[in-house]
Amino acid sequence: MAGIWLIPCFPLASAILLVLSAGRMPRQFAALLGVGSVGLAAICVALLASAFLADGEVRQITLWTWLAVGDFTPRIAFYIDGLTVVMMSVITGVGFLIHLYSIEFMWEDASICRYFAYMNLFVAAMLLLVMADNLLLLYLGWEGVGVCSYLLVGFWYRDPANGRAARKAFVVTRVGDTAMALGLLLLFTQLGTL
């Protein structure tokens, strides 16, 4: 259970490697890395789900504390309960199938590395969103999902219609992000915690 933090790290590490390759990675390796990282995360989630079904124990894993200011100590921590396990299963299971389908669909595209980098980052952000132990970390995952939505909607950015759609998605998600940030600030000022 101490390795739960690896689940979002597999697709995140893959996204970083794909971005650093700057599109020079062979498409076979890009596809293998993109799909394999999500598949590995799905296997880890399946193992986590079987362990959770066996004992039903809610787990809290703290990796580190971001900062400590008075009583406010936001942490990089994960909270694993039944709902979290279900959502992680959906994200990695469906995400793996989408990645698998994308190999054939994107095979001839010159930007296959960039596509799988965006998709892997999207999966990592969704996992962070559902695994977060606190609202600040959840907000970080929420922002990651918003950025990836913008990037994926505008993936074929040379077509002006895709650029407009990406900008529209960006504006709409910013409205939701602003409302959520205001809600978090209100919670913090009224309750002193997130």
Side-chain angles (χ1 to χ4, degrees), residues 5-42 45 76 78 84 86-132 135-185:
W5 62 273
L6 287 171
I7 295 171
C9 284
F10 289 135
L12 179 62
S14 172
I16 291 168
L17 288 173
L18 288 163
V19 166
L20 291 177
S21 77
R24 292 186 298 270
M25 186 180 293
R27 66 182 67 243
Q28 294 91 345
F29 191 63
L32 180 66
L33 190 59
V35 175
S37 64
V38 178
L40 203 54
V45 170
I76 303 288
F78 299 128
T84 305
V86 168
M87 294 308 296
M88 290 170 69
S89 300
V90 169
I91 291 166
T92 57
V94 173
F96 175 73
L97 294 175
I98 291 169
H99 276 70
L100 199 58
Y101 170 78
S102 296
I103 292 174
E104 183 177 348
F105 184 77
M106 295 297 294
W107 190 253
E108 297 301 322
D109 197 293
S111 301
I112 192 168
C113 282
R114 183 167 54 95
Y115 174 77
F116 278 115
Y118 292 171
M119 287 295 287
N120 283 166
L121 187 61
F122 193 48
V123 169
M126 285 190 291
L127 286 168
L128 185 63
L129 175 67
V130 300
M131 293 172 68
L135 292 174
L136 194 58
L137 189 59
L138 179 140
Y139 189 71
L140 181 65
W142 178 270
E143 286 296 325
V145 168
V147 167
C148 292
S149 295
Y150 167 76
L151 293 172
L152 288 166
V153 168
F155 180 76
W156 286 298
Y157 58 89
R158 289 188 176 97
D159 181 354
N162 293 337
R164 282 191 301 276
R167 286 189 298 276
K168 182 180 178 182
F170 181 79
V171 169
V172 169
T173 57
R174 291 296 70 87
V175 171
D177 295 347
T178 303
M180 188 171 186
L182 289 173
L184 293 178
L185 290 172

**Q** Rounded to the nearest 0.5 Å, what separation is found between the CG atom of Leu97 and the OG atom of Ser102?
**A** 10.5 Å
**Q** Any donor-acceptor pair under 3.5 Å linking the side chain of Thr84 with the backbone of Met131?
**A** no
**Q** For the CE atom of Met106 and the OG atom of Ser111, what is their distance to the nearest 0.5 Å?
**A** 7.0 Å
**Q** Which atom pair, heavy atoms only, marks the closest approach of Leu138 to Ala132?
**A**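 That closest heavy-atom pairing would be N-CB, 3.4 Å.
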**Q** With a 4.5 Å cut-off on side-chain heavy atoms, are Asn162 and Phe155 touching?
**A**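 Contact flag for Phe155/Asn162 side chains = no.
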**Q** With the threshold set at 4.0 Å, does a side-chain nitrogen-carboxylate oxygen contact exist between Glu143 and Arg174?
**A**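 So Glu143 pairs with Arg174 through a salt bridge.
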**Q** Is Ser14 reaching over with its side chain to a backbone N or O of Phe10, donor-acceptor style, under 3.5 angstrom?
**A**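 It does not hold such a pair.
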**Q** Give the minimum heavy-atom separation between Cys113 and Ala30, together with the two atoms involved.
**A**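 Minimum heavy-atom contact is SG-CB, 3.5 Å.
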**Q** Just do the side chain to side chain contact (heavy atoms under 4.5 Å, CB included) check on Phe78 and Leu128 with the steps written out, would you?
**A** CA-CA 8 Å; Phe78 299 128; Leu128 185 63; 3.8 Å; yes
**Q** Below 4.5 Å, heavy atoms only, C-beta onward: do Ser21 and Phe29 meet side chain to side chain?
**A** no
**Q** Look only at the side chain of Tyr157 and the backbone of Leu151, and say whether a donor-acceptor pair between them is shorter than 3.5 Å.
**A**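 The answer is no, because no donor-acceptor pair under 3.5 Å joins these two groups.
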**Q** Answer yes or no: is there a donor N or O on one side and an acceptor on the other, between the side chain of Asn120 and the main chain of Gly34, under 3.5 Å?
**A** yes
**Q** Kindly indicate whether the side chain of Leu33, heavy atoms from C-beta on, has any atom under 4.5 Å from the side chain of Phe116.
**A** no
**Q** Check whether any side-chain heavy atom of Met87 lies under 4.5 Å from a side-chain heavy atom of Leu127, and answer yes or no.
**A** no
**Q** Quick one, Thr173 and Trp142 - any side-chain contact, counting heavy atoms below 4.5 Å?
**A** no
**Q** Return the minimal non-hydrogen interatomic distance between Ile91 and Met126, and the atom names on each side.
**A** CD1-O, 3.6 Å
**Q** If every non-hydrogen atom of Val38 is compared with every non-hydrogen atom of Phe96, which pair is closest and at what distance?
**A**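 Closest pair (atom of Val38, atom of Phe96, distance): CG1-N, 3.5 Å.
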**Q** Quick one: pull up OG in Ser37 and CG in Leu32 and give me the separation to the nearest 0.5 Å.
**A** 9.5 Å
**Q** Mind running side chain to side chain contact (heavy atoms under 4.5 Å, CB included) on Lys168 and Val153 for me, showing each step along the way?
**A** CA-CA 10 Å; Lys168 182 180 178 182; Val153 168; over 6 Å; no
**Q** Closest heavy-atom contact between Ala166 and Tyr150?
**A**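 For Ala166 and Tyr150, the tightest heavy-atom pair comes out as O-CD1, 3.2 Å.
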**Q** Check whether any side-chain N or O of Arg27 sits under 3.5 Å from a backbone N or O of Asp109 as a donor-acceptor pair, and report yes or no.
**A** yes
**Q** Testing the basics here: between Met88 and Ile7, what is the closest heavy-atom pair and its distance to 0.1 Å?
**A**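 The pair with the smallest heavy-atom distance is CE-CD1, 3.6 Å.
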**Q** Side chains of Tyr118 and Leu18: does their closest heavy-atom pair fall under 4.5 Å?
**A** no
**Q** Are there over 12 heavy-atom neighbours, none belonging to Phe170, within less than 6.0 Å of that residue's CZ?
**A**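 Open.
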